[in-house]
Amino acid sequence: MAPKWDLVADALKKVDGEEVLLRGWVHWIHKLGKKMFIRVRDHTGIIQAVAEKASLSNEEWKAVKKLTRESSIEIRGRVRSDPRAPGGKEVVATSVKVFGYSPPFPIWGREDVDFLLDHRHLWLRSRRMTAIMKVRETILSAMREWLKREGWWEVHPPILTASAVEGGATLFEVKYFDKKAYLSQSAQLYLEALIFSLEKVWSLTPSFRAEKSRTRRHLAEYWHLELEGAWYSMEDMMEVAEELVAYAVRRAVEERREELEFLGRDISKLEPAFETPYPRITYDEAIEILKRKGFPISWGDNLGADEERALTEEFEKPFFITHFPKKIKAFYMKEAPGRPEVVLGFDLLAPEGYGEIIGGSEREENIDRLLERIREEGYDPANYEWYLDLRRYGSVPHSGFGLGLERVVMWVTGIDHIRDTIPFPRFRGRIYP
RNA sequence: GCCGGGGUAGCUCAGCCGGGUAGAGCGCCGGGCUGUUAACCCGGUGGUCGGGGGUUCGAAUCCCCUCCCCGGCGCCA
């Protein structure tokens, strides 16, 4: 169904004299005696309308004079080119209808972070948040399209779960009838069950981490895009990861150039990511690079934020780090053949300091070694009985990864905090609005 | 959880060190203006100084406790 009124983007394309009917919100207003400039916003853009006392009925002029920012209105008028108008075109109003007046809008652009988070429901109307949400949608659509085209089945694992995939300290506990349950931290184990029928599966689910983390890269609730593929080796899965990311970034730049430019993104820094393959280094090599750069790090240490940032400076496109020490990675990762101290795990790091956007691995498919790892981590094998069954009934080599959608959006938009990649961020205990 | 910064008008902040009647800009309200781009001009409006306790003749200011926010670290996607 086509709308029965004109969109701002279409109005801006019309020639002088054409009539338009606009619906939207007052983005900004200038009152000037017997003339008013009203910038009208809809989801496609902003256009300036001019309302003059002489061209409107008395009632309409009275109604227009009371307009405030964020009032909702309908304006009928004619398009006119004028170099003084933002964008070069404006609409001369012939009639104006007010749907809803707005009390003084509490936001006009210089508020601090806390105030904007408390007024998130209103701040979402800003051009900045609108631009980011559009980029986010484009990235996700592109990924979904790519996955469909490449033959991956989208599946829907549960959010309410009985036990942890990774450490239990960061679980959100909820009441589940007369039992306790937890909000999912990862769909991985469920995806592993689904590969035995669908082979190539993926899901998009919210994942929850109850960490009181104080970084600009963590959310308590984030959108987790996870893949799992039967017969896939780590190397196979890394190719999937880089193709998926490259396609999404390219599409975002092609389709959201205007929004990215509004956000001040240097698009030339994204262009190298269009081309695969992405560089691959091992954890061993990463440690060597860091030692050369003067970091006091030794083999076996986790890569901290400073170290990770330093590594991203070495590359102009995303890059993989592989073969991590077993003791710093999850129990389900498969040992590297001939090197039991490292696992077939990989991270994909975005350049310019953005860091990890994907974590994945080849999974341990041997039930005895898997049981051993579960015990080593101090978990109770009884909680993993159903998961262990997957290794009993026709076990298959397989790999998978998880991608943090907000991490990707943060990198592509070039913004400095993950909270603005999602409309209503949940982090550090914030739950309102 | 740890380290650092902060909380004063609707918003952004100054005032705090060296205690003495609560300030500015913007917003908002009224008036003026036919080309504004964060308009401008004139007039008006505006406060439990985050909360509690203490010191003092007197506390936004000094001391103690506490809550909240921001940045960084750890961990991760």
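Predicted model only: the values in this text are computed from it and were never measured. Numbers restart at 1 for each chain; the letters A, B, ... are given by sequence-line order, proteins then strands. All values below come from the heavy atoms of this structure, side chains included, with hydrogens, waters and symmetry mates left out.
- Using the six-membered ring where Trp is involved, A/Phe319 and A/Phe315 have ring planes that are parallel, under 30° apart on the 30 and 60° scheme.
- Here A/Phe401 lies out of heavy-atom contact (under 4.0 Å) with every strand.
- Picking from B/U37, B/C33, B/U12 the nucleotide with the shortest atom distance to the side chain of A/Glu111 gives B/U12.
- If you check every strand for non-hydrogen atoms under 4.0 Å, A/Leu32 touches a base.
- Ring geometry for A/Tyr232 against A/Trp152 counts as tilted: the plane angle lies between 30° and 60°, on a 0 to 90° scale.
- B/C67 sits 40 Å from B/C29 when the P atoms are compared, rounded to a whole Å.
- Among the protein residues, A/Glu52 comes within range of the nucleic acid bases, having at least one heavy atom under 4.0 Å from a base atom.
- Ion pairing of A/Glu19 with A/Arg76 is present here, as a side-chain N (NZ or NE/NH1/NH2) and a carboxylate O approach within less than 4.0 Å.
- As judged by a 4.0 angstrom heavy-atom cut-off over every strand, A/Gly109 is placed among residues making no nucleic acid contact.
- Note: A/Ile357 CD1 to A/Leu348 CG = 4.5 Å, rounded to the nearest 0.5 Å.
- Taking the nucleotide of RNA chain B with the nearest heavy atom to each of A/Ile29 and A/Ile328, the more 5' of the two is matched to A/Ile29.
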Heavy-atom contacts, protein to nucleotides 23-32 of chain B, under 4.0 Å, summarised as B (base), S (sugar-phosphate only) or - (none) per nt, yield ---S-S----
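- B/G4: Watson-Crick or G-U partner is B/C70, with both key distances under 3.5 Å.
- At a threshold of 4.0 angstrom between heavy atoms, the contacts of A/Arg80 include nucleobase atoms, whether or not backbone atoms are also involved.
- For B/U37, the base has no donor-acceptor partner in the side chain of A/Gln48 [N/O atoms by modelled type, under 3.5 angstrom].
- With salt bridges taken as basic N to acidic carboxylate O contacts below 4.0 Å, none links A/Lys334 and A/Glu364.
- Contact check on A/Arg375 versus A/Asp380 returns no salt bridge, with no Lys/Arg side-chain nitrogen under 4.0 Å from an Asp/Glu carboxylate oxygen.
- B/C3 sits 38 Å from B/G47 when the P atoms are compared, rounded to a whole Å.
- Relative to the side chain of A/Trp28, the nucleotides B/A38, B/C75, B/A77 differ in distance, and B/A38 lies closest.
- Here A/Ala54 lies out of heavy-atom contact (under 4.0 Å) with every strand.
- B/G23 sits 14 Å from B/A9 when the P atoms are compared, rounded to a whole Å.
- Summarising the geometry, atom CG belonging to A/Leu219 is positioned 7.5 Å from atom CZ belonging to A/Phe427; distances are rounded to the nearest 0.5 Å.
- Ion pairing between A/Glu377 and A/Arg373 holds under the 4.0 Å rule for side-chain N and carboxylate O.
- As rounded to whole Å, 9 Å separates atom P of B/A77 from atom CD of A/Glu226.
- Across all strands shown, B/A24 forms a Watson-Crick or G-U wobble pair, both distances under 3.5 Å, with B/U12.
- Expressed to the nearest 0.5 Å, how far CH2 of A/Trp25 lies from CD1 of A/Ile38 amounts to 15.5 Å.
- Classification of A/Asp420 and A/Arg120 as a salt-bridged pair holds, one side-chain N sitting under 4.0 Å from a carboxylate O.
- Using a 4.0 Å cutoff on non-hydrogen atoms, the parts of residues 215-224 of chain A near RNA chain B are A/Thr215, A/Arg216, A/Arg217, A/His218, A/Leu219, A/Tyr222, A/His224, ordered by number.
- For B/C13 and B/A22, the C1' atoms lie 14 Å apart once the distance is rounded to whole Å.
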Nucleotide N/O to protein N/O under 3.5 Å, stretch nucleotides 66-70 of chain B:
{"residue": "B/C70", "atom": "N4", "partner": "A/Arg214", "partner atom": "NH2", "Å": "3.4"}

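- Applying the 4.0 Å criterion to OP1 and OP2 of B/G74, one finds that A/Asn302 has every side-chain N and O outside that range.
- Nearest heavy-atom pair, A/Trp61 versus A/Lys35, reported as atom, atom and distance to 0.1 Å: CH2-N, 3.8 Å.
- Inspection of the A/Ser141 and A/Glu145 side chains reveals no N or O donor paired with an N or O acceptor under 3.5 Å.
- Each of A/Ala305 and A/Pro83 lies near RNA chain B, and the nucleotide nearest A/Pro83 is the one positioned closer to the 5' end.
- A/Pro106 comes within 4.0 angstrom of nothing in the nucleic acid, heavy atoms only.
- Between A/Arg407 and A/Glu356 no salt bridge is recorded (no basic side-chain N to carboxylate O distance below 4.0 Å).
- For A/Arg39 against B/U37, a side-chain N or O and a base N or O form a donor-acceptor pair under 3.5 Å.
- Remark: B/C40 base-pairs with B/G32. Criterion, Watson-Crick or G-U wobble with two distances under 3.5 Å.
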